[in-house]
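Beneath this line is the structure, given in structure tokens, with notes to follow.
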Amino acid sequence: MTLRPGGSKTPRRAMIPSRVRGDLSEAVSEAIEGLWGFAVSEVGLSAPPNERFGDVSCQVAMRLSGELGMPPREVAEALAAELGGRIPAVAAVTVDGPGFINFTFQRGYLTRVSSSLAREEFSSLLPDDGGGRVALVEYVSSNPTGPLNVGHCRQAVLGEAISRLLEAVGWRVKREYYFNDSGRQMELLGESIAARYLEKVGGPSSLEMPEKGYRGDYVRRWAAELASEKGDGLVWPDDSELFVSYGRERAMRRIREDLALLEITFDCYFPESDLLEEDVPRAIDQLGGTGPGSEDLVYEDPEEEGKLWLRLRELGRPADRVIRRSDGTYTYRMPDIAYHLNKFERGYDLIVDVFGSDHLDTSRDVRAALSALLGNDEVQRRLRVVIHQFVTLVRAGRKVKMSTRAANFVTMRDLVEEVGSVDVTRYLFLTRRSEAHMDFDLDLAVEQSEENPVYYVQYAHARIAGIVRKAVEEGVTDRDVDPEGLPELLDGEHERRLMRLLEVLPHRVAQSAELLEPHRITEMLADLATAFHGFYQNVRVIDSSRPKLSAARLLLCKACRNSIRGMLGILNVDSPDTM
RNA sequence: GCGCCCGUAGCUCAGCUGGACAGAGCAGCGGACUUCUAAUCCGCAGGUCACAGGUUCGAAUCCUGUCGGGCGUACCA
């Protein structure tokens, strides 16, 4: 929080829209308790659909009506009478419709919020929900078997936006990428590279591409690079280790390059192999001792020595699963559990997993095992899983079926290049909620790149930058604006609409952080850009013959600019001053 | 078969976690630049919120069933 010269904190608690609503709902609760002597956990505030219903709505009267045996309107009237004139920032309390209690903000409160936004960062009006606590966000976590594809791109963009959203409301965020650096998939990649390598160098030995091998062009390229680095003397299977490790390093480097394209960097790349020595055996021990009483959660297969099962049925899951094969290697589920246990033990207050829908089932198993180990409440409180559905790529009106192994997939890099802009790619992926299926129409994305939702928002920002430049030229400044005079100066229809919106946006951003739903930000940006463009079309800002009015309007423009910039920043999209 | 997600305008999708008359963008039609950027604005048209029941003051939202699509249902990750 920044300090003003006088030492007083600004913005004051009462200026933060989420806090104002918190106080409001507290006042309603107290009024209920005062009138009828019982407490209500949630009074249900929402934004009314129309300006004539005020700025904040409360539905509690309708919910209480049954319990109190009173018509909802009477409940509302009683509460409104109790609340009138008592709540800071609220000018009027009315009852409308079936029993809504509607609150209208003081004009002075709205102009103060706008002034704050004009002079400070957007984030200063967000509540400090995180309070400096540390959150760990895991996303992408694609295994190093090839370049990132379109699905990874959605997840990367989503995970990064969630991270930034959490940071915006006061969390310290660690970004982590978990990957499997050993096991069957890595062997397959090594073998696939070996097959292409031997094919290329044409030596005495040869190797057929495995049936489930990786057939992408990149495997050929990497094989060729390997040949030029190490010569043509490598043989299979003697050099299998080398093929595998070369593939892994090469894939990891490519993935980092792909992520760099989206400006994503992780604090930690966590290899599965780090868990195999200690964490996994320890987790198995712990699970073994955590049975619901009669039996241990881990049991040995009666027919195969050394094979271990996890009794997931006992934990409410549909089926028991093998966690260790008889040869002593683990199935993917077991390191996953150990990895999550490791994350919990590292002490993060919030652990967010961003996964594709194909990981849902595993994720549920992991959660069940963790609940057995740490207690359901603990897991419920600290672990949140965001599932996103797959992206269907549409090209020339036809769906493109994709698979990494079969090589008929579009890479993230191809996608960004074809769309022509990282910002547009990011933004388009964030216009849908994560659990919705998504058709990404390439032709449309390219074709629309000139008439795009992103540009619509960025254009509003650039227009404001133009106004600010003009203001400097004309010698108009908002420095000496008298706060007391603002409500009168900013009384037009468009100004009021803008200020109402500016006031509620920080609250809506805080809500979207709470819900881990960054797509709401794109909605808000569109709302704000629309309101600003409407204002711009109808209201002349810089008029040197009316300095006070110009200054007030300039202030409002800057509030819009900072809000747009702040929200675009959460999506990591650029805010250009010219277009 | 079973589990999870989804089904809203011609197309792609929102709908603030049960509230006030169902929204936006694109596509279509008609208007607005002598101005701080027209990458903009205004208007028109477009809907049985997949379907059928149920819960209640009130349902696109919650429950059940049906139909349709996706993902999973591995000792692959």
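The sequence lines fix the lettering, A, B, ..., with proteins before strands; numbering per chain opens at 1.
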Classify A:Val75 by what it touches in the nucleic acid, base, sugar-phosphate, or nothing, heavy-atom distance under 4.0 Å. nothing
Is atom CD of A:Glu435 surrounded by more than 12 heavy atoms (other residues, nucleotides or ligands) closer than 6.0 Å? yes
Ignoring hydrogens, what is the shortest heavy-atom contact between A:Cys153 and A:Leu415? Give both atom names and the distance. SG-CD2, 4.2 Å
Determine the contact category for A:Arg520: base if any of its heavy atoms lies under 4.0 Å from a base atom, sugar-phosphate if only primed atoms, P, OP1 or OP2 are that close, otherwise nothing. sugar-phosphate
Determine the contact category for A:Tyr332: base if any of its heavy atoms lies under 4.0 Å from a base atom, sugar-phosphate if only primed atoms, P, OP1 or OP2 are that close, otherwise nothing. base
Rounding to the closest angstrom, what is the interatomic distance between B:rA60 and B:rG19 at atom P? 10 Å
Can you check the distance between B:rG25 and B:rA45, where both ends of the measurement are the P atom (answer in whole Å)? 16 Å
Is A:Pro49 touching bases, backbone alone, or none of the nucleic acid, heavy atoms closer than 4.0 Å? base
Taking atom C1' in both B:rC36 and B:rG23, what distance in whole Å separates the two? 31 Å
Using a 90° cut-off around 0 for syn, call B:rU17 syn or anti. syn
Are A:His533 and A:Arg463 close enough that a side-chain donor and a side-chain acceptor fall under 3.5 Å? yes
Side chain of A:Gln59: nearest nucleotide among B:rC36, B:rG19, B:rC4? B:rG19
Could you check whether A:Phe440 gets within reach of a base, just the sugar-phosphate, or nothing at all, counting any heavy atom under 4.0 Å? nothing
Phosphate oxygens OP1/OP2 of B:rG15: is one of them under 4.0 Å from a side-chain N or O of A:His519? yes
Which part of the nucleic acid does A:Ser357 contact within heavy-atom distance under 4.0 Å: base, sugar-phosphate only, or nothing? sugar-phosphate
Going from CG on A:Asp129 to CD on A:Gln511, what distance comes out if it is rounded to the nearest 0.5 angstrom? 10.5 Å
Could you check which nucleotide pairs with B:rC2 in any of the strands shown, counting Watson-Crick or G-U wobble with both distances under 3.5 Å? B:rG72
For a quick check of understanding: with a heavy-atom distance under 4.0 Å over all strands, which category does A:Asp320 fall into, base, sugar-phosphate or nothing? nothing
If you pin A:Asp301 and A:Ala465 to their nearest nucleotides in RNA chain B, which one's is more 5'? A:Ala465
In whole Å, what separates the P atom of B:rA27 from that of B:rU17? 33 Å
Whole-Å distance, A:Asp439 CG to B:rC11 C1', equals 10 Å
For A:Ser512, answer base if it contacts any base atom (sugar-phosphate contacts may also be present), sugar-phosphate if it contacts only those atoms, and nothing otherwise; contact means non-hydrogen atoms under 4.0 Å. nothing
Does any donor-acceptor pair link the side chain of A:Asp361 with the base of B:rA74 at a separation under 3.5 Å? no
Partner lookup for B:rA9, please. Criteria are Watson-Crick or G-U wobble with both distances under 3.5 angstrom; report none if nothing qualifies. none
Using Watson-Crick or G-U wobble geometry with both distances below 3.5 Å, tell me the partner of B:rU34, or none. none
Around atom CZ of A:Arg546, are there more than 12 heavy atoms of other residues, nucleotides or ligands at under 6.0 Å? no
Complementary nucleotide for B:rG19 - Watson-Crick or wobble, under 3.5 Å: B:rC57
So, A:His152 and A:Asp258: side-chain donor and acceptor under 3.5 Å apart, yes or no? no
Would you mind reading off the distance between A:Asn538 atom CG and B:rC42 atom P, rounded to a whole angstrom? 8 Å
Base of B:rG69 paired with side chain of A:His437 (donor-acceptor, under 3.5 Å): yes
So what does A:Pro48 touch, heavy atoms closer than 4.0 Å: a base, only the sugar-phosphate, or nothing? base
Please check the phosphate of B:rU40 (OP1 and OP2 only) for any side-chain N or O of A:Tyr455 closer than 4.0 Å. no
Are A:Gln185 and A:Thr145 close enough that a side-chain donor and a side-chain acceptor fall under 3.5 Å? no
Comparing A:His533 and A:Ile542 on RNA chain B - which has the more 5′ nearest nucleotide: A:Ile542
Distance, rounded to the nearest Å, where A:Glu435 contributes CD and B:rC13 contributes P: 13 Å
Sugar-phosphate, base or nothing in reach of A:Thr329, heavy atoms under 4.0 Å: nothing
From CG of A:Asn452 over to P of B:rC26, roughly how many Å is that when rounded to an integer? 10 Å
Between A:Gln155 and A:His388, is any side-chain donor less than 3.5 angstrom from a side-chain acceptor? yes
Looking across every strand, which nucleic acid part, if any, lies under 4.0 Å from A:Asp181 by heavy atom: base, sugar-phosphate, or nothing? nothing
Going by ring centres under 5.5 Å and near-parallel planes (under 30°), is A:Phe100 stacked on B:rA20? yes
Would you mind classifying the nucleic acid contact of A:Ala436 as base, sugar-phosphate or nothing, using non-hydrogen atoms under 4.0 angstrom? sugar-phosphate
N or O in side chain of A:Arg333 less than 4.0 angstrom from B:rA77 OP1/OP2: no
Give a yes-or-no answer on whether the side chains of A:Asp320 and A:Tyr299 include a donor-acceptor pair shorter than 3.5 Å. yes
When you measure from the side-chain N and O atoms of A:Arg463 to the phosphate of B:rA38, is any distance below 4.0 Å, counting only OP1 and OP2? yes
Nearest to the side chain of A:Phe53 - B:rA77, B:rA20, B:rU35? B:rA20
Length of the line joining A:Arg367:CZ and B:rC4:P, which is rounded to integer Å: 15 Å
Mate of B:rC44 across any strand shown (Watson-Crick or G-U wobble, both atom pairs under 3.5 Å) is B:rG28
When rounded to the nearest Å, what value does the distance between P atoms of B:rC33 and B:rA39 take? 15 Å
Rounded C1' spacing from B:rG3 to B:rG18 in Å: 27 Å
What does A:Leu515 touch in the nucleic acid at a heavy-atom separation under 4.0 angstrom: a base, only the sugar-phosphate, or nothing? base
Considering Watson-Crick and G-U wobble pairs with both distances under 3.5 Å, what does B:rU64 pair with? B:rA52
Suppose you measure atom C1' in B:rA14 against the same atom in B:rU8; what distance do you get, rounded to whole Å? 10 Å
Quickly work out the A:Arg433 CZ to B:rC5 C1' distance and round it to whole Å. 10 Å
Side chain of A:Met438, heavy atoms from C-beta onward: which of B:rC21, B:rC13, B:rA39 has the nearest atom to it? B:rC13
Show your reasoning for whether salt bridge (charged side-chain N to carboxylate O under 4.0 Å, His left out) applies to A:Glu495 and A:Arg553. CA-CA 8 Å; A:Glu495 288 88 333; A:Arg553 288 175 173 170; 3.4 Å; yes
Nearest to the A:Phe390 side chain among B:rG19, B:rC71, B:rC36, which nucleotide is it? B:rC71
Taking the side chain of A:Tyr536 as heavy atoms from C-beta outward, which of B:rA20, B:rC57, B:rC36 is closest to it? B:rC36
Say we look at B:rG58 and B:rG43: how far apart would their C1' atoms be, to the nearest angstrom? 34 Å
B:rG3 C1' sits how many Å from A:Asp358 CG, rounded? 15 Å
Chi-based syn or anti call at B:rC33, which uses purine or pyrimidine torsion atoms and a 90° bound: syn
Does A:Ser57 get its side chain close enough to the base of B:rA20, under 3.5 Å, for a donor-acceptor pair? yes
Just how far, in rounded Å, is C1' of B:rG72 from CZ of A:Arg317? 11 Å
